[in-house]
Number of protein chains: 2
Amino acid sequence: MTQNGDNCSCQECLRKTSIFEYLTDEELVAFNDSRYQTKYKAGEIIFKQGTAITHIMSFTSGLAKVYIEGYNNRDLILQIIKPGSLIGGPGVLVDNMHHFSVSAITDSTACFIDINEYKKSLNNNTEFAIASLKEINSQHIENFNKFISLTQKQMQGRIADAIIYLSDEIFNSNSYDMTISRQDLADLTAMSKESAIRILKEFKDDKIIQLNHNKIEILNVDKLRRFSEIG
Amino acid sequence: MTQNGDNCSCQECLRKTSIFEYLTDEELVAFNDSRYQTKYKAGEIIFKQGTAITHIMSFTSGLAKVYIEGYNNRDLILQIIKPGSLIGGPGVLVDNMHHFSVSAITDSTACFIDINEYKKSLNNNTEFAIASLKEINSQHIENFNKFISLTQKQMQGRIADAIIYLSDEIFNSNSYDMTISRQDLADLTAMSKESAIRILKEFKDDKIIQLNHNKIEILNVDKLRRFSEIG
DNA sequence: ACCATCTTTTGATATATGTCAATTTTTATT
DNA sequence: AATAAAAATTGACATATATCAAAAGATGGT
C-alpha cells in the first residue's frame, strides 16, 4: 500500500475510463492534482463496506472484486473489475457510505480522486453528470440480469453465466486462467463452493469445458448458453 | 384505459414526487403540457418489458408492481409502488427500452410525461440531474439489500423481509390489507406460491402474525426482525 | 527442500424448497 | 342465487442444494 511514483496523468487514462471524456481540461487538471495512486497486494481491501466514501477509484492494473458482505460471513460478488473501471458506489450522493467492499484479487494499482472534485464536476458539468447517470443505469440493467440469474436459474445456469461473464467481459477470450478462487466463483453465483466445484466438474465431464489446474477453456459455447437460457 | 379529465397540474403533484422540486417553473409548465393521465383497471399492464420508453410515469393513485419477467414465466417483483412514485427505468439513457414491466394491482391512475421533456430537463437543469442520480443511487442501495435477502436468506427471512417492507414502505402500518396476491408475495420473495403460503401459515401458528382473509397484523415485530436478520 | 497452511476435491448425508395433484375457498358472471 | 372461473390451501413426494468431515493437492515461508 505504498504511494506510487508513476507519473501518468489523468489525460492519458482517458482511453480507459470513458466517462472522463466528458471532463473539461480544467477539470482533468483538478482531478489529476487531487489524485494519488496506490499499490495493493492480492487479498488487500481497497474499499470497505460501511466506511465513509472519501474518494472514487479508477482501477489501473490487476484484477479486483466488488462484493457485498452479507449474512453468516457470506459474500456476494457483484462484479469483477479490471483496469479502466471507475468505482464510486451508490452511496455517493445518498449517505456517503460504501455499500460494498472492493478487494484486490491479484496485485493491483488504483488511482483515487477526491470525492469532492467528482461532486464538483457533477454539479458544474451536465454532460459529465449525464454520462454518470447513463453509466449507473447500465449497471442497473446488469443487476437485473443478475437478479434473474441468481434467483431463477439453478446451479448449472448460474455457473454457465459466470463462465460466460468471465469470458466475455473480463478476459475477452474463451480460454483463460481462472485467477479467481473457487470460493469467489461460489460468491459470484450465490452457492456453496462445494457445489460450484461439482458443477464445474460436471461441465468438464460433459466436455463443455476443459479444465486443468486453473486454466479453463470453453469447448462448447452453445451448450453453455443453453444452460444459461434454460435456467 | 381512458384518458382522464382530471385537471390537477404538475405543480400540485410536487408534494408527492420529490425530485420535481428541482424543476424550474418553465420546466414544470412544459411537463404539465406534455402530460396526460390514464386510468388502469386491476391487472392491466402500464409498462411492458421489452418495449420502447416513450414516457416516464408518475403514479397518482392505486397500487402497482414493478417486476422483471424472467424464466419459465416466473416474475421477480422489484418493488410495489404507491402514489407519488416516479418510474423511468434504467433504459432511459442507455437503450431506451423498458427493462421491467409495471402492472396495476388495484385500479390505478398514472400521469405520463414525454421522455424528451425529461431528458431536456436532465440536460438543462443540473440540480434535477443530480437529484435523479441520487434517486437512482438510492434504488441501487435497495437492490443490494434485495440481493442479500433473496440469495442468502431462507424462506422465513425472505417472507419476514417482505412483510416488513409492506408494513414500513407501502402501507405504513403494522396492520394492513395484503392487497397483493399470494403469487405476488411469492414473486416478491423468489419462491413458489405454495412455499410462501406455508411460511405465512407457520408465522400465523407461531403467533408472529395474525391473518384472516387478507388482513394481516404483525403481532411480534421482534421475532419478524430476528427472522430477517438470522436469514 | 521441508513444514505448515490454505485451497480444492470428494463422498455421505441432511435439509430446504419445488412440484404435482387434489381440495377448499374466494371472486366474478350470468 | 347459481354457476363457472380463479385463487388459496394442503399433503405427499421429488430433488436441488447445503453441510460436514475427511483426504488430496497446492502454496508460501524459512
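Here is the naming used below: chain letters follow the sequence lines, and residue numbers restart at 1 for every chain.
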Every protein N/O within reach of nucleotides 25-27 of chain C N/O, cut-off under 3.5 Å:
none

Using only heavy-atom distances, determine whether the side chains of Thr109(B) and Ser61(B) contain a donor-acceptor pair under 3.5 Å. yes
Can you give one letter per nucleotide of nucleotides 16-22 of chain C, 5' to 3': B if a protein heavy atom sits under 4.0 Å from the base, S if only from the sugar-phosphate, - if neither? SSBBB--
Checking salt bridge (Lys or Arg N to Asp or Glu O under 4.0 Å) for the pair Lys82(B)/Glu169(B): CA distance, chi angles, key distance, verdict? CA-CA 9 Å; Lys82(B) 56 181 184 177; Glu169(B) 311 288 332; over 6 Å; no
Salt-bridged, Lys48(A) to Glu69(A), with N to O below 4.0 Å? yes
The first and last nucleotides of DNA chain D lying within contact of chain B, meaning any atom under 4.0 Å from one of its heavy atoms, run from dA8(D) to dA12(D)
Go through the steps to decide whether His98(A) and Phe47(A) satisfy the test ring pair (Phe, Tyr, Trp, His ring centres under 6.0 Å), and finish with yes or no. CA-CA 7 Å; His98(A) 287 296; Phe47(A) 281 160; 4.1 Å; yes
Using ring centroids (six-membered ring only for Trp), state whether Phe147(B) and Phe147(A) fall under 6.0 Å. yes
Could you pull out every donor-acceptor pair under 3.5 Å between side chains of residues 72-81 of chain A and any protein atom, sequence neighbours left out?
none

Please confirm whether His55(A) and Tyr36(A) have ring centers closer than 6.0 angstrom. yes
For Glu229(A), give me all partners under salt bridge (charged side-chain N to carboxylate O under 4.0 Å, His left out), at least two apart in sequence or on another chain. none
Whole-Å gap separating C1' (dT9(C)) and CG (Asn212(A)): 15 Å
Would Lys153(A) and Asp161(A) pass as an ion pair if we require N to O under 4.0 Å? yes
Using a 4.0 Å heavy-atom cut-off across all strands, classify Lys201(A) as base, sugar-phosphate, or nothing. sugar-phosphate
Return each pair, listed once, that meets ring-ring contact (aromatic ring centres under 6.0 Å, His included) where at least one residue sits in residues 207-231 of chain B; pairs must be two or more places apart or across chains. Phe203(B)-Phe227(B)
Separation of dT7(C) P from Leu200(A) CG (nearest whole Å): 17 Å
